[in-house]
**Q** 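I'd like to ask some things about the structure below.
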Amino acid sequence: MGERVVKAMLGLGMGAGLLLLCTLARADGVADVIRLKLEKPAVAAAVAIPVAGSQVQALTDFYAERNWAPVWSDSRYQALLTQLADLYTDGLNPEDYAFSRLERARKPDTDPTLAAERDMLATRAYLLALQHLYRGKVDPVRLDSEWNFAPRQQDPALGLRLAREAVERNDVASAFRQARPELPQYNSTRTALARLRSIALEGGWPSLPAGPSLKPGMVDARVPLLRQRMQIAGLLPYAEMPEPELYDDELKQAVQRFQQEAYLEADGAVGASTLAALNVPVGERIGQIRANLERMRWFLHEVQGDFVIVDIAGYRIAYVSGSQIRWQSRVQVGKAYRSTPAFKSSIRYLTLSPGWVVPPTIFKEDALPAIRRDIAYLARNRMKVFDAAGRELDPAAVDWRKPGNITLRQEPGPGGALGELVIRFANPYSIYLHDTPHKELFGGSQRATSSGCIRVENIHELALLLLDDEDWTKETLQAAIDERKTRNVTLKKKVPILLVYWTLDVGDDGYVSFKPDIYQRDAVVLQALNEKPATVLP
């Protein structure tokens with residue numbers, strides 16, 4: 001009987017301690033101890049296996065199918081340690097899975113009780129790690145109560161069976177590999193994380209001193225640092241330069257690509273904004289990658305079949321069919337204080353020549369102050385006023401200092417807030433895709449300019465793809481719009497739409513670049529990711 005069991009007896013008191021002693025005395029081997037611990041929660045607690053109830057059930061089911069036999073032979077145990085250490089490349093912390101404790105217990109104990117503890121600790125770490133790789137460590141609903149992406153689903157019994165079969169065929173690595181998101185972007189991002197960590201170990205990248213804007217053709221002592229920064233980023237080959245302080249054309253092209261990928265004006269001039277992006281510390285970028293790997297575990301499994309996806313932080317939209325992008329365009333999304341939420345829905349119908357009911361926030365913060373300054377604002381914008389019962393009111397009869405429960409509706413027509421076309425899908429935020437009269441804003445590199453909805457460039461092209469009907473052509477669609485009569489058109493089939501938020505891009509060549517975190521959401525994800533799991537063993 002091990003020292004820990006004696007201590008447990010003393011902590012339980014003499015009566016309970018004797019019960020524990022008698023119980024374990026009947027256990028002739030490791031399998032018997034495993035069975036007794038999992039079948040008797042009081043015994044499990046006494047010998048320091050404090051896991052959540054659902055995990056106890058998972059452990060019980062896992063071992064019951066093996067007739068309680070221990071799992072982790074020397075070779076399997078070493079394979080598990082290798083895979084747990086490799087979680088570091090997923091942005092996870094191996095210590096959340098008792099890695100150091102398992103390493104210290106690498107050599108099996110001859111005491112059946114301690115050997116059973118070691119085996120169950122390894123199994124618990126194995127199952128928890130697979131769960132976190134499969135659907136994420138952090139519950140996104142904790143961070144956003146409106147989150148409605150379905151967690152990645154798998155039948156629990158099937159999941160346990162697959163995990164158990166991987167162990168029994170001595171292929172623990174395959175279980176970890178299959179638990180990760182399958183799309184290549186995930187592994188490309190893991191590779192980028194490893195690369196940035198190597199850069200961090202070598203001291204990070206250089207910080208460029210402040211000063212006048214660096215422009216192509218200039219000779220400046222900061223140019224060698226800029227060149228080194230581009231080389232470390234992988235945007236410029238390493239080479240000896242005859243004039244190291246000359247800002248030449250090759251360096252300009254590298255800086256322009258960096259600017260494009262950072263959603264900055266790609267003019268090649270290193271001004272204040274570009275300097276700030278270049279000088280973000282490598283540790284901060286590592287955290288950004290970790291946050292986005294977790295997001296990928298939350299919803300990359302949703303990316304399949306035909307769907308529309310809005311990349312909020314990337315200001316773009318795509319229609320994907322059979323894993324191929326059939327169409328893509330630029331979008332404008334919500335301003336920081338009217339941020340566009342991330343959620344999933346299904347596109348059901350289009351509205352042609354839409355009117356616009358002014359949302360409460362826009363009414364209060366934008367329209368009402370404008371009306372108070374000049375009541376002619378209503379006529380200029382073709383807006384009508386309605387009471388709570390839907391009766392139209394004379395604007396002159398309304399006390400605009402205290403207007404009460406009224407609604408503003410903009411009639412269809414040129415210059416309307418929603419343009420010529422709206423694409424609608426159910427959601428509690430009154431968010432939709434729509435045309436816009438403010439097409440000039442699509443030319444900006446950063447396009448957080450709307451009040452929450454998504455303004456879509458060339459939305460008529462997307463509408464035709466969604467309609468998927470030979471009766472609807474570019475000409476017939478425009479003719480219907482030109483009638484200036486509001487009309488809803490139902491799609492033949494609903495099309496899923498995903499509004500997602502991630503702050504990095506993965507190129508076809510595997511190069512990872514960073515976007516501005518326009519809504520400051522990365523830090524929240526990273527903080528939750530760094531917390532220890534509630535059930536981690538001490």
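Note: hydrogens, waters and symmetry copies are ignored here, and every other heavy atom, side chains too, is used. As the structure is a prediction and not an experimental result, all values here were calculated from the model.
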**Q** Which residues pass the side-chain hydrogen bond (donor to acceptor under 3.5 Å, both in side chains) test with Lys215, not counting sequence neighbours?
**A**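 Checked Lys215 against side-chain hydrogen bond (donor to acceptor under 3.5 Å, both in side chains); zero matches.
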**Q** Roughly how far, to the nearest 0.5 Å, is CD of Glu457 from CZ of Arg316?
**A**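 Result: 14.0 Å between the selected atoms.
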**Q** Return the OH to CE distance between Tyr186 and Met296, rounded to the nearest 0.5 Å.
**A**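 Reported to 0.5 Å precision, the distance equals 8.5 Å.
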**Q** For the atom pair CD1 (Ile362) and CG (Leu368), what is the distance rounded to the nearest 0.5 Å?
**A**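 If I round to the nearest 0.5 Å, the distance is 13.5 Å.
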**Q** Should the pair Arg285-Asp522 be classified as a salt bridge under the 4.0 Å nitrogen-to-oxygen rule?
**A**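 No, this pair does not count.
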**Q** Atom OG in Ser445, atom CD in Gln260: separation rounded to 0.5 Å?
**A**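 Between Ser445 OG and Gln260 CD, I get 10.5 Å after rounding to 0.5 Å.
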**Q** Answer yes or no: is there a donor N or O on one side and an acceptor on the other, between the side chain of Arg222 and the main chain of Leu214, under 3.5 Å?
**A**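 No, Arg222 side chain to Leu214 backbone: no donor-acceptor pair under 3.5 Å.
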**Q** Would you call Ile518 and Val333 a side-chain contact if the rule is heavy atoms closer than 4.5 Å?
**A**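 They are in contact (side-chain heavy atoms under 4.5 Å apart), so the answer is yes.
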**Q** If the threshold is 4.0 Å, N to carboxylate O, is there a salt bridge linking Arg142 and Glu531?
**A**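 Result for this pair is yes, salt bridge flagged.
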**Q** Roughly how far, to the nearest 0.5 Å, is the CD1 atom of Ile317 from the CG atom of Asn458?
**A**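 Between atom CG of Asn458 and atom CD1 of Ile317 there are 11.0 Å.
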**Q** Between Val223 and Met241, is any pair of side-chain heavy atoms under 4.5 Å apart?
**A**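 Heavy-atom side-chain distance check fails, nothing below 4.5 Å.
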**Q** With under 30° as parallel and over 60° as perpendicular, where do the rings of Trp400 and Phe363 fit, or are they tilted in between?
**A**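 Aromatic pair Trp400/Phe363 classed tilted.
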**Q** Hey, are Asn427 and Tyr432 close enough side-chain-wise for a donor-acceptor pair under 3.5 Å?
**A**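 The answer is no; no qualifying pair exists.
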**Q** Excluding sequence neighbours, so at least two apart, what forms side-chain hydrogen bond (donor to acceptor under 3.5 Å, both in side chains) with Glu294?
**A**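 side-chain hydrogen bond (donor to acceptor under 3.5 Å, both in side chains) check on Glu294 returns Arg297, Trp298.
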**Q** Do Asp249 and Gln253 have side-chain atoms, one donor and one acceptor, less than 3.5 Å apart?
**A**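 Yes, a side-chain donor-acceptor pair sits under 3.5 Å.
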**Q** In a check of side-chain contact (heavy atoms from CB on, under 4.5 Å) between Leu196 and each of Leu201, Ile289, Thr191, Val512, which one passes?
**A**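 Single pass found, and it is Ile289.
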**Q** Within the side chain of Asn279, is there an N or O that forms a donor-acceptor pair under 3.5 Å with the backbone of Leu208?
**A**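 Present.
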**Q** In this structure, which one of Trp502, Tyr501, Phe343, Phe307 forms a ring pair (Phe, Tyr, Trp, His ring centres under 6.0 Å) with Phe299?
**A**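 The residue from Trp502, Tyr501, Phe343, Phe307 that satisfies ring pair (Phe, Tyr, Trp, His ring centres under 6.0 Å) with Phe299 turns out to be Trp502.
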**Q** Run the salt-bridge test on Lys252 and Glu250 with the 4.0 Å N-O cut-off and return the result as yes or no.
**A**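 Here Lys252 does not pair with Glu250 in a salt bridge, since their nearest N and O are not under 4.0 Å apart.
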**Q** State, without any angle test, whether Arg290 and Asn530 hold a side-chain donor-acceptor pair at a distance under 3.5 Å.
**A**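 There is such a pair between these side chains.
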**Q** Distance alone, cut at 3.5 Å: any donor-acceptor contact between the side chains of Gln259 and Thr274?
**A**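 Per modelled atom types, Gln259 and Thr274 side chains form a pair under 3.5 Å.
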**Q** How far apart are the C-alpha atoms of Arg227 and Asp248, what are their side-chain angles, what is the distance that settles it, and do they pass the side chain to side chain contact (heavy atoms under 4.5 Å, CB included) test?
**A** CA-CA 10 Å; Arg227 185 178 303 280; Asp248 61 15; 3.5 Å; yes
**Q** Taking only Lys NZ, Arg NE, NH1 and NH2, and the carboxylate oxygens of Asp or Glu, determine whether Asp96 and Lys532 approach each other closer than 4.0 Å.
**A**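 Salt bridge: no.
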**Q** Should Arg190 and Asp86 count as an ion pair when the cut-off is N to O under 4.0 Å?
**A**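 Asp86 and Arg190: salt-bridged.
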**Q** Flag the pair Arg521 and Asp144 as a salt bridge only when some basic side-chain nitrogen lies within less than 4.0 angstrom of an acidic carboxylate oxygen.
**A**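 Salt bridge flag = no for Asp144 with Arg521.
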